[in-house]
Amino acid sequence: MLGELLRARRLQVVRADIGLLWLVFTDPHVREIILRAHASGACRAGGGTLRPKVGARRDVLPRGISRPQSVGSSSMAESRPQTIAYPAPSSRPHRRDLEPLAPHVIVLFGATGDLAKRKLLPGLAYLAESALAPDVRVVGTAMEGLSTDDFRSLARSAVANFGTHSMDDEAWARFAERLTYVPQGAGPEALTAAVKAAETLLGPQTRRLHYLSVPPKAAEAVITMLRDADLVENARVVMEKPLGNDLASAIRLNDFVHEAFDESQIFRIDHFLGKEAAQNILAFRFANGLFEPIWNRNFIDHVQIDIPETLGLDLRANFYESTGAYKDMVVTHLMQVLAFVAMEPPTALEPRAISEEKNKVFRSMLPIRPSDVVRGQYGGYRDEEGVAYDSETETFIALKVGVDNWRWAAVPFYLRTGKRMAEGMRIISIAFKEAPRSMFPPGSGVGSQGPDHLTFDLADASRVSLSFYGKRPGPGMRLEKLSMQFSTQETERAGDVLEAYERLILDAMRGDHTLFNTAEGIESLWERSAPLLEDPPPVKIYPPGTWGPNAIHQLIAPNAWRLPFEREWREKKG
C-alpha cells in the first residue's frame with residue numbers, strides 16, 4: 001500500500017527515500033500506515049522498509065510516539081504528540097522558577113540512611129525555610145523502629161553536622177514540627193494514614209513526592225508498598241542509582257516501575273547534573289556566540305571527564321562488591337555529564353527537548369570496547385571487611401568513549417574515576433587542537449605545556465578556566481601558559497547557589513525533568529556497555545594515593561591527563 005501511495009504521487013525512484021520521510025511527517029494516511037506496521041511488528045527487512053530492532057518489545061511504539069487516531073478525526077492535530085522540532089506552545093522558554101508550587105508531602109524512604117543524613121534532611125530543612133519551596137511536610141520511613149521524636153533528634157543532628165546553611169533554634173522548631181516518622185514494619189496502612197494526615201494539614205491541592213533513598217534491591221519492594229498503600233495517584237517518585245546493572249535488569253526495573261508510575265511521574269536522579277557548574281555548561285555553550293561555533297571536531301582534539309576520589313568504601317563493601325566503579329559512577333554520573341558536553345542545541349530549554357538531545361548522544365555512542373578500558377583496584381581493597389579475597393571488582397576505571405556523529409566523529413572522550421586516589425576533584429577539560437607553530441622559533445615555549453584547555457570544575461565553587469599561550473614579559477619572544485578564571489564564589493550571587501540535592505528536589509516538585517535521566521537513556525547506556533560487561537579486562541593494582549595504574553598513560557597517549565594540575569585554581573581574594 002505504501003508503494004502504491006508513493007507511485008500515485010509520481011515520485012521518482014531516486015527520490016523515494018526523501019519522499020517517504022516527507023510523507024511520514026506530512027501525510028496522515030502514510031503516517032498511520034507506518035505506525036500501525038511498527039506496532040504490529042509487520043515491518044521487515046528488505047525493499048527499503050523498516051524492521052524492528054532484534055529483542056525490542058513489539059507491543060509498544062517507540063517512546064514519544066502515540067498510536068494514531070482514526071483518519072479524519074477532527075481532534076487529530078490537537079492530540080498528536082509534538083515533535084522535538086516543533087515543541088508545544090506551553091514548552092516555549094519561560095521562567096519555571098516563578099510558577100507557584102502546590103504544597104507537598106515528601107515521603108522519604110531510607111530516612112535514617114547515610115544519604116538522608118548527609119544531604120536530604122539538611123537540604124529539606126533549608127528548602128522548607130526558604131522562599132523557594134512550597135509548604136511541605138516530611139514523612140520519614142525506614143526499617144528502624146523509631147518514634148517521631150527520635151527521628152526529629154536524628155534530623156537535627158544531621159542538619160547540624162552536614163548542613164550548608166545555618167539554622168537557628170526558632171527555624172529548627174518550625175522544621176521539626178513538619179517531620180513525622182513511620183517504621184516500615186508498621187505496614188502500608190500506617191504509612192497511608194501518616195500521608196493522609198499531612199495532606200489534611202496542607203490542604204486539598206497537596207501533591208506527593210516519594211524519595212527512594214534505598215538500596216537497589218529494595219526499590220521494587222518500596223514501589224510495591226506505594227501501590228498497596230494507594231499512594232501512587234497525584235505523586236512523583238525520585239529514584240537513586242544504580243538503575244539496573246545491565247540492559248536486561250534495567251529493562252526489567254523500568255517495566256516494573258511503569259506498572260505503577262507513568263514515565264512522567266518518575267525522576268531518576270543524578271546529583272552531578274544538579275551542580276551549578278554542570279548547568280553552566282548549557283549556559284556557556286548556548287547563550288554565547290563565542291564557543292558554540294568551535295564546539296566540534298574541527299577545533300576540539302579530545303575531552304576529559306575526570307572524577308577522582310580520595311575516599312575509600314566508607315562501609316559500603318557489600319554494595320560495592322556487586323557494583324564497582326563502572327556501574328557506580330560511569331553509567332550514572334560521568335556519561336550523564338558527557339551528554340551535556342556533547343549534546344546538540346535543544347529547540348528550547350525545556351525538559352523534553354533537552355532529554356531528547358541527551359538521548360541522541362547516548363544512541364550515537366559507540367559500544368565500549370574492553371581494549372579501550374583500564375580497570376584498577378587499590379592495594380589493600382581485598383583486605384576490607386566484606387570483600388572477597390580474590391575480588392576482581394574495580395575501584396578505578398578509565399576508558400575511551402566515541403560519539404559517532406557529525407559533530408564528534410573521531411574526537412575521543414576520556415573518562416576516569418576511582419577510589420583512594422591522590423586528590424578529590426571533579427573536572428571537565430576540553431582540549432583544543434593546537435595551532436601551527438612554524439612562525440615561532442625553537443625554544444620559544446609554544447606547545448611546551450600542552451594544548452589550550454577550557455576547564456569546568458564541578459565542585460561547589462563552580463569554576464571555569466580558559467588556558468592559552470601568551471608572551472612572557474621581557475625581551476625576545478618567549479611564551480608561557482596563561483589562564484582566565486571565573487568562579488561563582490566571586491560574584492554577588494554566591495549566596496544563591498543551591499546544593500545539588502536541594503535543586504533537584506525542587507525541580508522534582510515542579511515536575512521539571514531537565515536534569516534527570518530517562519528510561520530510554522539508561523537503557524541505551526547499558527546496551528553500549530555490553531561488550532565491557534561481558535568481557536572486562538583484568539584489574540591492575542595501584543597504590544592508594546596515586547592516580548591509578550600506569551596503563552592509563554598508554555590509554556590516552558599521545559595526549560596527557562589534565563590532572564594533576566600544573567597550576568592551582570586562583571582562590572577568592574580577601
Side-chain angles (χ1 to χ4, degrees), residues 272-273 277-307 330 333-346 354 357-366 368-369 372 398-417 425-437 446-458 462-470 479 481-486 528 552-563 565-567:
F272 273 54
L273 297 187
Q279 296 166 78
N280 208 22
I281 296 171
L282 297 181
F284 202 87
R285 288 187 58 188
F286 303 132
N288 301 289
L290 179 60
F291 287 100
E292 185 58 22
I294 60 173
W295 206 268
N296 56 60
R297 59 188 170 87
N298 297 321
F299 298 94
I300 292 177
D301 182 79
H302 68 275
V303 178
Q304 297 181 31
I305 301 175
D306 212 349
I307 317 290
V330 176
H333 293 322
L334 275 70
M335 286 184 177
Q336 304 299 326
V337 175
L338 183 154
F340 266 30
V341 175
M343 64 187 281
E344 294 295 323
I354 290 178
E357 296 304 333
K358 287 174 56 184
N359 289 342
K360 285 180 183 177
V361 173
F362 300 146
R363 292 194 294 267
S364 299
M365 283 175 52
L366 296 171
I368 308 298
R369 300 185 303 178
D372 291 332
L399 62 154
K400 180 170 68 174
V401 177
V403 179
D404 192 20
N405 59 23
W406 278 26
R407 182 183 289 263
W408 297 111
V411 176
F413 287 75
Y414 296 103
L415 281 55
R416 178 172 66 170
T417 186
M425 302 193 72
R426 299 169 178 179
I427 71 159
I428 304 166
S429 184
I430 315 294
F432 293 97
K433 291 185 176 180
E434 298 188 53
R437 308 171 189 162
V446 64
S448 62
Q449 295 176 281
D452 300 338
H453 285 89
L454 176 64
T455 303
F456 295 86
D457 183 4
L458 298 182
S462 184
R463 296 175 290 199
V464 181
S465 170
L466 177 64
S467 67
F468 53 90
Y469 286 95
L479 303 178
K481 244 339 177 23
L482 308 174
S483 69
M484 295 187 296
Q485 297 186 16
F486 160 80
R528 279 136 191 85
I552 61 173
H553 303 298
Q554 287 76 47
L555 176 69
I556 201 172
N559 303 303
W561 291 99
R562 187 87 168 98
L563 292 178
F565 285 135
E566 294 180 0
R567 294 175 302 280

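Numbers for residues simply follow the sequence, beginning at 1. Bear in mind that the values here come from a model prediction, so they are computed numbers and not experimental data.
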**Prompt:** Considering the options Tyr414, Phe413, Trp408, which one meets the ring-ring contact (aromatic ring centres under 6.0 Å, His included) requirement together with His302?
**Reply:** Tyr414
**Asked** Are Phe299 and Pro293 side-chain neighbours, meaning at least one heavy-atom pair lies under 4.5 Å?
**Response** no
**Met425 side chain near Asp306 side chain, heavy-atom distance below 4.5 Å** = no
Taking all atoms of both residues into account, what is the closest heavy-atom pair of [X] and [Y], and its distance?
| X | Y | value |
| --- | --- | --- |
| Arg426 | Asp457 | O-OD1, 3.2 Å |
| Ile294 | Ile300 | O-CG1, 3.8 Å |
| Ile552 | Trp561 | O-NE1, 3.1 Å |
| Pro451 | Ser467 | O-OG, 4.4 Å |

Would you be so kind as to tabulate the donor-acceptor pairs closer than 3.5 Å made by side chains of residues 337-344, with sequence neighbours excluded?
{"from": "Glu344", "atom 1": "OE1", "to": "Arg407", "atom 2": "NE", "distance (Å)": "3.4"}
{"from": "Glu344", "atom 1": "OE1", "to": "Arg407", "atom 2": "NH2", "distance (Å)": "2.9"}
{"from": "Glu344", "atom 1": "OE2", "to": "Arg407", "atom 2": "NE", "distance (Å)": "2.8"}

By ring-ring contact (aromatic ring centres under 6.0 Å, His included), which residues pair with [X], not counting sequence neighbours?
| X | value |
| --- | --- |
| His453 | none |
| Phe284 | Phe291, Phe456 |
| Phe468 | none |

From [X] atom [atom1] to [Y] atom [atom2], the distance as rounded to the nearest 0.5 Å:
| X | Y | atom1 | atom2 | result |
| --- | --- | --- | --- | --- |
| Leu555 | Arg416 | CG | CZ | 10.0 Å |
| Ile281 | Ile430 | CD1 | CD1 | 7.5 Å |
| Gln485 | Thr455 | CD | OG1 | 9.0 Å |
| Leu399 | Leu415 | CG | CG | 5.0 Å |
| Leu466 | Ser483 | CG | OG | 8.5 Å |

Looking at [X] and [Y], would you say the former's side chain and the latter's main chain have a donor-acceptor pair under 3.5 Å?
| X | Y | result |
| --- | --- | --- |
| Arg562 | Ser429 | no |
| Asn296 | Asn298 | yes |
| Gln304 | Ala560 | yes |

**Request:** With sequence neighbours excluded, tell me which residues meet side chain to side chain contact (heavy atoms under 4.5 Å, CB included) with Leu366.
**Result:** Asp404
**Item:** Ser364: side chain to side chain contact (heavy atoms under 4.5 Å, CB included) partners, not counting sequence neighbours
**Value:** Val403, Asn405
**Prompt:** Who pairs with Asp372 by side-chain hydrogen bond (donor to acceptor under 3.5 Å, both in side chains), at least two apart in sequence or on another chain?
**Reply:** Arg369
**Contacts of Arg363 that satisfy salt bridge (charged side-chain N to carboxylate O under 4.0 Å, His left out) - sequence neighbours left out** = Glu356, Glu520
**Request:** Classify the angle between the aromatic ring planes of Phe272 and His333 as parallel (below 30°), tilted (30 to 60°) or perpendicular (above 60°).
**Result:** parallel
**Asked** salt bridge (charged side-chain N to carboxylate O under 4.0 Å, His left out): which pairs involve residues 293-304, sequence neighbours left out?
**Response** none
